[in-house]
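As structure tokens, the structure follows; a few thoughts come after it.
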Amino acid sequence: FKAKQCESFLTNALTRERRSYLVADPDVLCSDDDENYGGLDVYFWGFFALWPVCVPLIFLALLLSIRKAVRVRRITPLARACRFLWRDYDADFLFWEVVDL
């Protein structure tokens, strides 16, 4: 995850002092003293939980709401918009996209 990955640079050759900067944004110093870096923890863990938990649940809710339309092949505007979730699957295996995630 580049959101939390830091790269260290030698800033003073005499004292061998090094500073680490965020790979995703080199303006952010990787230090708890830097307010930009300290504030990233909330966003990082929020989005870290968002993808593996919330996205499959949202996909499942969408598939549940369009399953009748897909099975009888009467495609509603919502089913058409969600086509990326079900077009590669047979109507009996509609929910494999959620399992595949």
Side-chain angles (χ1 to χ4, degrees):
F1 295 113
K2 288 187 179 182
K4 295 287 286 183
Q5 185 179 3
C6 296
E7 189 171 345
S8 181
F9 297 97
L10 186 66
T11 57
N12 188 334
L14 294 174
T15 63
R16 313 279 293 163
E17 181 183 347
R18 300 181 75 80
R19 287 197 181 167
S20 297
Y21 294 92
L22 203 59
V23 171
D25 185 0
D27 292 331
V28 177
L29 182 65
C30 291
S31 169
D32 290 333
D33 298 335
D34 189 331
E35 63 187 46
N36 291 330
Y37 182 74
L40 285 177
D41 276 342
V42 173
Y43 293 109
F44 175 78
W45 289 110
F47 286 112
F48 185 77
L50 180 73
W51 178 254
V53 176
C54 294
V55 170
L57 289 176
I58 291 168
F59 284 0
L60 181 63
L62 286 169
L63 287 169
L64 284 171
S65 68
I66 65 170
R67 71 179 165 183
K68 287 181 184 177
V70 172
R71 282 193 177 151
V72 297
R73 300 188 190 282
R74 186 174 291 162
I75 307 304
T76 62
L78 179 60
R80 187 175 298 112
C82 299
R83 189 175 50 232
F84 70 97
L85 291 172
W86 58 266
R87 74 172 161 228
D88 294 333
Y89 301 100
D90 188 78
D92 293 330
F93 300 102
L94 190 65
F95 298 98
W96 276 105
E97 184 65 28
V98 176
V99 174
D100 190 35
L101 284 176

Task: Nonpolar side-chain network containing F9, other nodes, edges under 4.5 Å - done: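 F9 shares its hydrophobic cluster with Y21, L29.
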TODO: Under 4.5 Å between side-chain heavy atoms, chaining through other members, with only Ile, Leu, Val, Met, Phe, Trp and Tyr counted: pull out the rest of the cluster around F47, sorted by chain and number.
DONE: Y43, L50
- [ ] Go through the structure and list residues passing side chain to side chain contact (heavy atoms under 4.5 Å, CB included) with D27, not counting sequence neighbours.
- [x]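 D27 satisfies side chain to side chain contact (heavy atoms under 4.5 Å, CB included) with D25 once adjacent residues are dropped.
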Task: Euclidean distance, L10 CG relative to R19 CZ, rounded to 0.5 Å - done: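 R19 CZ to L10 CG: 11.5 Å, rounded to 0.5 Å.
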- [ ] Using the rule that two of Ile, Leu, Val, Met, Phe, Trp, Tyr join whenever any of their side-chain heavy atoms come within less than 4.5 Å, decide whether V72 and L62 are in one cluster.
- [x]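 Shared cluster, no.
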- [ ] Flag yes if V53 and I58 sit in one hydrophobic cluster, no otherwise; membership is Ile, Leu, Val, Met, Phe, Trp, Tyr, and two members link when side-chain heavy atoms are under 4.5 Å apart.
- [x]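 No, V53 does not connect to I58 through the hydrophobic network.
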- [ ] Name all residues meeting the disulfide bond (SG atoms under 2.5 Å apart) criterion together with C30; count only those two or more places apart in sequence or in a different chain, and write none if there are none.
- [x] C6
Task: Aromatic ring pairing F44/F48, orientation class (parallel under 30°, perpendicular over 60°, tilted between) - done: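 F44 vs F48 ring planes: parallel.
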Open item on the list: Filter on disulfide (SG to SG under 2.5 Å), then keep only pairs touching residues 41-81, sequence neighbours left out; what's left?
Closed with: none
- [ ] Not counting sequence neighbours, list each pair that qualifies as a side-chain hydrogen bond (donor to acceptor under 3.5 Å, both in side chains) and has a residue in residues 76-91.
- [x]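 Qualifying pairs, neighbours excluded: Y89-E97.
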TODO: Quick one: which residue pairs count as a side-chain hydrogen bond (donor to acceptor under 3.5 Å, both in side chains) with a foot in residues 55-74, not counting sequence neighbours?
DONE: none
- [ ] Applying side chain to side chain donor-acceptor pair (under 3.5 Å), name anything that partners R18, two or more places apart in sequence or on another chain.
- [x]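 So R18 forms a side chain to side chain donor-acceptor pair (under 3.5 Å) with S8.
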TODO: Taking the side chain as every heavy atom from C-beta outward, state whether I66 and I75 have any atom pair closer than 4.5 Å.
DONE: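 They are not in side-chain contact.
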